[in-house]
**Student:** 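To start, I am sharing the structure in question, which I have written as structure tokens.
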Amino acid sequence: MGTRLKVLSVFKKLHRTRMDVFREDERALTAARLQINEEFKKNRNETSEENIEKMIKMGSDVEAVLRETVLQVEHVAENKLLLRPREGLLLENVPYCDEPRKKS
């Protein structure tokens, strides 16, 4: 895949992730959109293949961090928060067990 296509792919992936992670939060959606667009515009005239590859890697890493670690929390009352996890986010939550499982 050409460098231009890789950059466009990361750009689109970041925006899709932003839409999923900050769903129903217009302020966060707008702030994330502006930040993504600003970073890509700032580096638009970069010509060094090495630097471009580093930036593509950083964009992919940022997308993964957003997708895997950001949670939406909403204030519902004083001293009370409502956690709104995305589908598939908390799947690795394994209940604690005193005794190890027996292999069958």
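For clarity, every value in this text was computed on a predicted model and none was experimentally measured. Values reported hereafter were calculated over all heavy atoms of this structure, with side chains retained and with hydrogens, waters and symmetry mates removed.
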**Student:** Any side-chain to backbone donor/acceptor pair from R18 onto L29? Under 3.5 Å, distance only.
**Tutor:** yes

**Student:** How many angstroms lie between CZ in F22 and CZ in R27, if you round to the nearest 0.5 Å?
**Tutor:** 11.5 Å

**Student:** Roughly how far apart are T69 OG1 and L71 CG, rounded to 0.5 Å?
**Tutor:** 8.0 Å

**Student:** On a heavy-atom basis, which atom in L83 and which in V73 lie closest, and how many Å separate them?
**Tutor:** CD1-CG2, 4.0 Å

**Student:** Is M58 linked to F40 within one hydrophobic cluster, defined over Ile, Leu, Val, Met, Phe, Trp and Tyr using a side-chain heavy-atom separation of less than 4.5 Å?
**Tutor:** yes

**Student:** To the nearest 0.5 angstrom, please state how far the CE atom of M55 sits from the NZ atom of K6.
**Tutor:** 13.5 Å

**Student:** Do you know the tightest heavy-atom contact between S60 and V10?
**Tutor:** OG-CG2, 3.8 Å

**Student:** Got a salt bridge between E50 and K54, using NZ or NE/NH1/NH2 to carboxylate O under 4.0 Å?
**Tutor:** yes

**Student:** In terms of side-chain geometry, is the basic nitrogen of E38 or K41 positioned less than 4.0 Å from the acidic oxygen of its partner?
**Tutor:** no

**Student:** Locate the shortest heavy-atom distance separating T17 from E63; write the atom from each residue and the value.
**Tutor:** OG1-OE2, 2.7 Å

**Student:** When you measure from the side chain of E74 to the backbone N and O of R84, does any donor-acceptor pair fall under 3.5 Å?
**Tutor:** no

**Student:** Measure from the side-chain N and O atoms of N43 to the backbone N and O of E39, and report whether any donor-acceptor pair falls under 3.5 Å.
**Tutor:** yes

**Student:** So, are R16 and D20 salt-bridged, with charged N and O less than 4.0 Å apart?
**Tutor:** no

**Student:** Show, in sequence, the C-alpha distance, side-chain angles and deciding distance for H15 and I36, and conclude whether the side chain to side chain contact (heavy atoms under 4.5 Å, CB included) test is met.
**Tutor:** CA-CA 8 Å; H15 277 291; I36 293 167; 3.4 Å; yes

**Student:** Could you give the distance from CG (L66) to CG (L14), rounded to the nearest 0.5 Å?
**Tutor:** 7.0 Å

**Student:** Distance from N51 atom CG to E46 atom CD, nearest 0.5 Å?
**Tutor:** 4.5 Å

